There are 2 protein chains.
Amino acid sequence: MGSSETLGKLQISIMRVLWARGEATVNDVHQALLESHGLAPTTIATMLKKMEHKGVVSHRTHGRKFIYQPQVSERSVKRSMVAELAQRLFFGDKAALVSHLLDEHEVDPDEVAALRKQIAEASGRKGEQ
Amino acid sequence: MGSSETLGKLQISIMRVLWARGEATVNDVHQALLESHGLAPTTIATMLKKMEHKGVVSHRTHGRKFIYQPQVSERSVKRSMVAELAQRLFFGDKAALVSHLLDEHEVDPDEVAALRKQIAEASGRKGEQ
DNA sequence: GCGATTCAACTACCCGGGTAGTACTATCGA
DNA sequence: TCGATAGTACTACCCGGGTAGTTGAATCGC
């Protein structure tokens, strides 16, 4: 846990495919990332194996092909990685991280507010149905 | 560059010593981190060498000892690393990162506001003198 | 002057992300 | 049936963070 949910660049790209589809074969992932990454199929396969060993995905067999599923949620990964960075840079003080974003990255509070509202409404709608 | 200003855990600890003192020998850094890290002196030396190769510190010689200096500011490192994470997790959308912090890490906006005010006042005082 | 101490240099690991070639096998199509 | 294809398994790199032992040289203290 914790640091084990920290994912590399490629790992996140792969997870995004898995999160979007629920499950996918090596080939599915490879196809999905072909345009943007242009990697060999074996690279995806190797990475998925490493990720399974790490516990962030799992697979079942269908015929002789592997169908991978995420074992960690996007939310959880985001939380872990953001917490990790806050730890590294701000001794775990997340308010300091927000302050840094506002002051040093010119993040517009109005934009944040709009985004949050949008998210709240979306999850509200989801909760109602 | 950009990613080259991304520092590991130990590297940040070392940088903090350098940032605080302006410059320091291997031994200074080792002493400073002894309590918290308890590492061998050669570990610090090796790391500093790697960091110099990476361009984040430099050294000059004094007698036969090396005096290291930071070559990147804390501000710059924070900016790089935060931007990197925003890139990885939110496609570079920093407002989304802030939104995530507020909603998923229970960051208190009042606390952030207080912190920012404090920082603004501190830098104001510094600017005046 | 000489032994003890203090440096840096060099070398050597481990680990994990990232990348991929090759080998082997099951299965599909003609 | 048999060759092509599709899949996984295995193996092998590179790189950089992290950790440290050993070695060789300069210098300090007696």
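In the text below, chain A, chain B and the rest are named by the order of the sequence lines, each starting its count at 1. The structure presented is a predicted model; accordingly, all values stated were derived computationally and were not measured.
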Any side-chain donor-acceptor pair under 3.5 Å between [X] and [Y]?
{"X": "B:Gln71", "Y": "B:Ser58", "result": "yes"}
{"X": "B:Glu84", "Y": "B:Thr6", "result": "no"}
{"X": "B:Glu52", "Y": "B:His59", "result": "yes"}

>> Any N or O donor-acceptor pair under 3.5 Å from the base of C:dA26 to the side chain of A:Arg64?
In response: yes
> Where does the chain A footprint on DNA chain D start and end, counting 5' to 3' with a 4.0 Å heavy-atom cut-off?
Replying inline: D:dA6 to D:dA9
> If you find the nucleotide of DNA chain C closest to A:His53 and the one closest to A:Gly63, which residue's nucleotide is nearer the 5' end?
Replying inline: A:His53
> Which word best sums up how the rings of A:His100 and A:His105 line up, parallel for under 30°, tilted for 30 to 60°, or perpendicular for over 60°?
Replying inline: perpendicular
>> Classify A:Lys9 by what it touches in the nucleic acid, base, sugar-phosphate, or nothing, heavy-atom distance under 4.0 Å.
In response: sugar-phosphate
> How would you label the contact of B:Lys49 with the nucleic acid (heavy atoms, under 4.0 Å): base, sugar-phosphate, or nothing?
Replying inline: sugar-phosphate
> Under a 4.5 Å cut-off applied to non-hydrogen side-chain atoms, are A:Phe90 and B:Lys78 in contact?
Replying inline: yes
> Any salt bridge between B:Lys94 and A:Glu106, counting N to O under 4.0 Å?
Replying inline: no
>> Please determine whether a side-chain nitrogen of the Lys or Arg among A:Arg79 and A:Glu5 lies less than 4.0 Å from a carboxylate oxygen of the Asp or Glu.
In response: no
> With distance as the sole test, does B:Thr46 use its side chain to make a donor-acceptor pair with the main-chain N or O of B:Thr42 at under 3.5 Å?
Replying inline: yes
> Starting at CD of B:Glu52 and ending at P of C:dA9, how long is that distance when rounded to a whole Å?
Replying inline: 9 Å
>> For DNA chain D, which residues of residues 21-44 of chain A approach it to below 4.0 angstrom with any heavy atom?
In response: A:Val26, A:Asn27, A:Thr42
>> Let me spell it out: for each of B:Ile12 and A:Phe66, pick the nucleotide of DNA chain D with the closest heavy atom. Which residue's pick is nearer the 5' end?
In response: A:Phe66
